[in-house]
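Below, chains carry the letters A, B, ... as their sequence lines are ordered, and counting in each starts from 1.
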Amino acid sequence: MKKIKLLPENLINQIAAGEVIERPASVVKELVENSIDAGATRIEVEISNGCRNVRIADNGHGIDKEDVSLAFSRHATSKIIDQNDLWNISTLGFRGEALASIISVAKVTCITKTQDSNVGIKVECENSEIKVSETGCAKGTIMEITDLFYNIPARLKFLKKQHTELALISETLQSLALANPEVAFNLINNKNSILKTLGSNDIKATIGEIYSKNIISEFSEVYKEDPPFKLKVTGFISNPDFTRSNKKAIYTFVNHRTVKCPIILKAIDMAYKDMIASGKYPYAVLNILISPEEIDVNVHPAKREVKYRNPNLIFNFIYSAIKAGLDSKAFAPVQTDTDREQAETISFNNEISKQHNKNHELKVINFTDFNKHSHSKTEVFNEIEPDDIREVVIKEPMQSKFELMSDYKEDFVQKPLIIGQLDNTYILLQAPEGLQVVDQHIAHERYLYEKLKQEKTPASQMLLISESVMPDEEQIFLLKENVNALLKYGYELEFVSGDTAVKLKRVPQILAQKDPQKIINDLLEALEASPDIIEDELLMRIACRASVKAGERLSLRQMEELIINWQKTNYPKTCPHGRKISHIISTKEIAGFFGRLK
Amino acid sequence: MKFSVEKNVINNALNIVSKAAAARGIQPVLSNVLIETVENNQIKLCATDLDISIEMKIAAEISEKGSITLPAKKLNEIISKLSNEKVNFNIKGEDNVVEIKCGSSKFDIKGIAASEFPVVEYPETEDYIDIVIEPLLKAVKQTIFATATYDMNNVLSGVFCKINENTLEMAALDGNRLARVKEEIENIENKSFSVIIPSRTLKEFMNILSGVEDEKVSITVRNGQILFKLKDRFITSRLIEGQFPNYEQLIPLSNNKKATIDKNKLMSTLDRVSTMVNERTNIVKFSFNKDNLKVTADTPDLGDSCDELLVDYKNESFDIAFNYRYIQDFLKITETENVVVEMDGSLSGVLYKSEGEKEAVCLIMPVQLN
């Protein structure tokens, strides 16, 4: 008897639908992507009946009468024509599967009208059978999906609770909204709008609409272009002290397509390394534009993954772009356009700092002058009155000096206005925005870490004698395995009593006066954490152990020095382990408390 | 309680005693000074933080017996600001308020009843050693700077002190350096002991010696406590328990590169050069050449410094680096005109001695530069 037979088309579609249409969110994704491909600027998504009914209305170019019936059959698409197009895909869809899949698992009504046609068309599909009629409507397409999975009870059973499905839809739409800031989205659930963007074509505004307006001050802009490789990345990333504990807020788009791709995630991870805690992730919206020949999007039915011809190039490009974005933030003051009052204070402060810079220039010239000559000039240098300084400038306006000056200007940090020390642990500062509370230990740790990293080969103090520590066998093994790495960073170990105990023979100079027992414990902790880069982990431990402790009383001068050093660091927001360093209580908030705000 | 006392006398006494009061205690009474009338027209002042206790007796005109404790810091401040006249103390009523009068000034200060003050137990015994203060003080000064500061209960945070027959030996080390000194003493009772004394105790001991005429101090060691007793005052403290490292074997005997350097010149050279030292590491480099020493320091991004001085050095050229503060610490306690530096390799310990001195040595470990 013949056992093998061709399946009916309806069944084929249902099986294929399993790949594309997993759940209501997939329906939304496929249909909204169609709307975007149709050039829509306004898309409204309405959800009801426990996420089983979805209505999507757009103002795109609609479907021609001649095309309508074909649109719903499998492998029918307007988006590509021949094989060459497959390597040059600029639309979101191209497989021609979505509509066919959807009509095989749900009842679909489609009302559409193109610019040129006078009447709209209504298409009703049930059980993959299509009925076409004419109707009146505006330009665009309305897709009404009802009773999703009505004919696949198994799938229906596997649907999660309503709010989980809704959250997934919302996530899908967020992602699409961020990828297409020029399109206005509106997500409605049971008549309540839960997500709304205005389509201002400003990614910053869109981020604000999706999260909250205030959040934008926590973001840094990313922009990098590489014309020879036709690469461009734009977007926003959150500052290291503004994180969440999952990767959900990382949105990456390759040619406007939402992708979750390991290379980009890894690049983000690396860029944020030693700035945020493990288990914390930044917010990121990154739009990567790449010439379509360089990628293959046809590797996943839902197109969530992309293959690159040159993954290393992409990694380095994105890594350096993010790094540059984070760096630029380190110095720039936050300026929000909305708050005019604040803008005024900032410009006022700029005036002051300009004046400061001027004074500084004069001093610098003096200083270079001093350096140029022999040490015997010291006395002359001391005798120069402030009035004389200008003369020095005019007399020797050498080119090289001016270059030096500009370097100094960038490094110049205003003397911090220190209010005092709280609980021998926190330094209180007057910042332009208000009261700044700085954790002395963490701030110092950040400074030392960056210094140590620059130096690479630290000096080490030879030890006369040191207490021995008796770790367990495994730990001894671990230490032995890393003897060379440790040596490089200034630790020399001696294994004693038949390799059951360990002693320090020399330690990094910066740790010379610290408890040797604690130093060894730090080492073990660092090694046991088995980090990717053991050296960085060691430097973190050295910095942590060597820095000022919480509870240590500091003099005003010490606090000033610490704050200046900290402000000069590249990433003053967080410590190498990702802890936050400072907190600002705004003057506004304080004024509000005392009822001084009008 | 009612008595009067000369301002300068009580001011001086409070300066000494209140050092033992707890800066911030769980028990408020530990931040107070106990004032108690005793026989022979004397009052006793005492403060303790339970680790260290200092007690002192001063002359006073007592018209009514009694005792009270008063906040050490406040009392010290009041007394120091008074005019140079007799100060009258008087307990008013029963609520522990003490009236302090001096000239036209008058203060009422609230105290805590003396009964709440812990009883300071000091080992009173016949078993003591009388030694001359001067060599002891010298030995303390020459060792105390080398104690470790990271853990106050660690043996290395104290000074090892050994007395037997006619020698007093003291030593301190913090892992990076060692200071050891031996002094001849008169030990009539021919007793011996070896203990580890917390560095803070020794600092306070030096402090209570201010203005005393005593030539000798009696030392008693008992039950993990040490007592230094002078005629009118004493200090007692707990000792650090544990095994002090065998430091003698660490002192190299065959360091044969030898330099003799003018102490004052080295001091000012270090002072100058260290202005450019990297503040996190404090490293200065010494380059010895024939009869010449070059000292250099540098800080990346800031600059460098260099100075040279004439020394007596006859061995081959030699480079070595140190934490300059360790050398400064040694130079500060050196009284001779010249110092002798004995070296071996650039990674082995270097002996610093005062010229002519055999038994007082400071062993400093160098820094390895990469």
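- The environment of B:K257 atom NZ is dense: over 12 non-hydrogen atoms of other residues, nucleotides or ligands sit within 6.0 angstrom.
- Contacts of A:E492 with chain B are absent, with no heavy-atom separation under 4.5 Å from either backbone or side chain.
- Counting non-hydrogen atoms of neighbouring residues, nucleotides and ligands closer than 6.0 angstrom, the CG atom of B:L310 reaches no more than 12 such neighbours.
- Of the listed residues (B:T281, B:I364, B:N278, B:N323), the greatest number of heavy-atom pairs within a distance under 4.5 Å of chain A belongs to B:T281.
- No more than 12 heavy atoms of other residues, nucleotides or ligands lie within 6.0 Å of OH in A:Y426, so this atom counts as exposed by the packing criterion.
- Heavy atoms from other residues, nucleotides or ligands lying under 6.0 Å from NZ of A:K549 number more than 12.
- Residue A:Q509 holds its CD atom at 11.5 Å from CD of B:Q368, rounded to the nearest 0.5 Å.
- Interatomic distance, CG of A:L511 versus OH of B:Y150, reported as 12.5 Å (0.5 Å rounding).
- One finds the CD1 atom of A:I465 at 5.0 Å from the CG atom of B:L250 (value rounded to the nearest 0.5 Å).
- Checking side-chain atoms of B:N176 against main-chain N and O of A:A512 turns up a donor-acceptor pair under 3.5 Å.
- Other residues, nucleotides and ligands place no more than 12 heavy atoms under 6.0 Å from the CD atom of B:Q243.
- We find the CG-CD distance between B:D174 and A:Q513 to be 4.5 Å, quoted to the nearest 0.5 Å.
- Between the CG atom in A:L464 and the OG atom in B:S348 there is a gap of 11.5 Å [rounded to 0.5 Å].
- The number of heavy atoms from other shown groups lying within 6.0 Å of NZ (B:K182) is above 12.
- Heavy atoms from other residues, nucleotides or ligands lying under 6.0 Å from CD of B:E241 number 12 at most.
- Side chains of A:E467 and B:N154: a donor-acceptor N/O pair is present below 3.5 angstrom, by distance only.
- Heavy atoms of B:L347 lying under 4.5 Å from chain A belong to its backbone as well as its side chain.
- At a 4.5 Å heavy-atom cutoff, the contact between A:L448 and chain B is made by side-chain atoms alone.
- Residues A:Q461 and B:Y326 have side chains in contact (heavy-atom distance under 4.5 Å, counting atoms from C-beta outward).
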